[in-house]
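These notes concern the structure reproduced below.
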Amino acid sequence: MARKKGGGLPPAESLLRWPAWALGILALGSAFAPLPREFLLALHWVLTLFAILEAGVALAGGRRVAVFAYLGVAVLVNPFRPFAFALQVWRLVHAAAGIWLISDHVKSRG
């Protein structure tokens with residue numbers, strides 16, 4: 001039985017584009033708005049798990065800089081052993097994570 005051309009799943013980069021944009025906008029927005037502690041903890045969980053997933057995808061694609069950037073995000077916002085930063089530093093970390101998530105999925109890699 002012959003397979004149809006174009007069958008199967010699209011590459012992981014295109015599947016993760018919209019979730020990365022949504023999470024990036026949420027992280028960027030959290031840098032400018034006062035949010036409850038529970039929401040920020042949930043954001044840190046999602047950012048950590050997504051950054052680990054994206055680091056794996058970047059590693060499979062041979063993108064070393066992206067691997068280090070995603071692992072940096074995962075380490076900084078990890079909920080397992082959280083850092084005790086001042087509020088202004090957390091806002092910068094959230095803004096940087098959001099900008100990185102969005103910008104990594106804007107450019108074409110083709």
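Just the heavy atoms: all of them, side chains too, but no hydrogens, waters or symmetry mates, feed the values below.
- Residues Phe80 and Trp45 place their aromatic rings such that the two centres sit under 6.0 Å apart.
- In this structure, the separation between OG1 on Thr48 and CG on Leu76 is 9.5 Å, given to the nearest 0.5 Å.
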| query | Where do Leu26 and Leu47 land on the side chain to side chain contact (heavy atoms under 4.5 Å, CB included) test, with the steps shown first? | reply | CA-CA 10 Å; Leu26 184 63; Leu47 275 173; over 6 Å; no
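- Note that the CG atom of Leu23 and the CG atom of Leu28 stand 11.0 Å from one another [nearest 0.5 Å].
- Ring orientation note: the planes of His94 and His44 are nearly perpendicular, at an angle over 60° on the 30°/60° scale.
- Cluster annotation: Leu41 is not connected to Ile52 through the hydrophobic network of ILVMFWY side chains, with a link wherever side-chain heavy atoms come within less than 4.5 Å.
- Side-chain atoms of Phe50 and Val73, non-hydrogen and from C-beta on, never get closer than 4.5 Å to each other.
- Leu35 and Ile99 fall into different hydrophobic clusters, defined by Ile, Leu, Val, Met, Phe, Trp and Tyr side-chain heavy atoms under 4.5 Å apart, directly or through other members.
- Shown here for Gly24 and Ile102, the closest heavy-atom pair between the two residues is C-CD1, 3.8 Å.
- The shortest non-hydrogen separation linking Pro79 to Pro82 is O-CD, 3.7 Å.
- Ring geometry for Phe85 against Phe83 counts as parallel: the plane angle stays under 30°, on a 0 to 90° scale with 60° as the upper cut.
- Contact between Leu101 and Ala20 at its shortest, heavy atoms only, is CB-O, 3.8 Å.
- Note: Glu54 CD to His105 NE2 = 3.5 Å, rounded to the nearest 0.5 Å.
- As a member of the Ile/Leu/Val/Met/Phe/Trp/Tyr network built from side-chain separations under 4.5 Å, Leu59 groups with Val67, Leu71.
- Counting heavy atoms from C-beta outward, Asp104 and Tyr70 have side chains that approach closer than 4.5 Å.
- Residues Val77 and Leu49 do not share a hydrophobic cluster, defined by chaining ILVMFWY side chains whose heavy atoms lie under 4.5 Å apart.
- Hydrophobic clustering of Ile, Leu, Val, Met, Phe, Trp and Tyr side chains at less than 4.5 Å, counting indirect connections, keeps Leu43 apart from Leu87.
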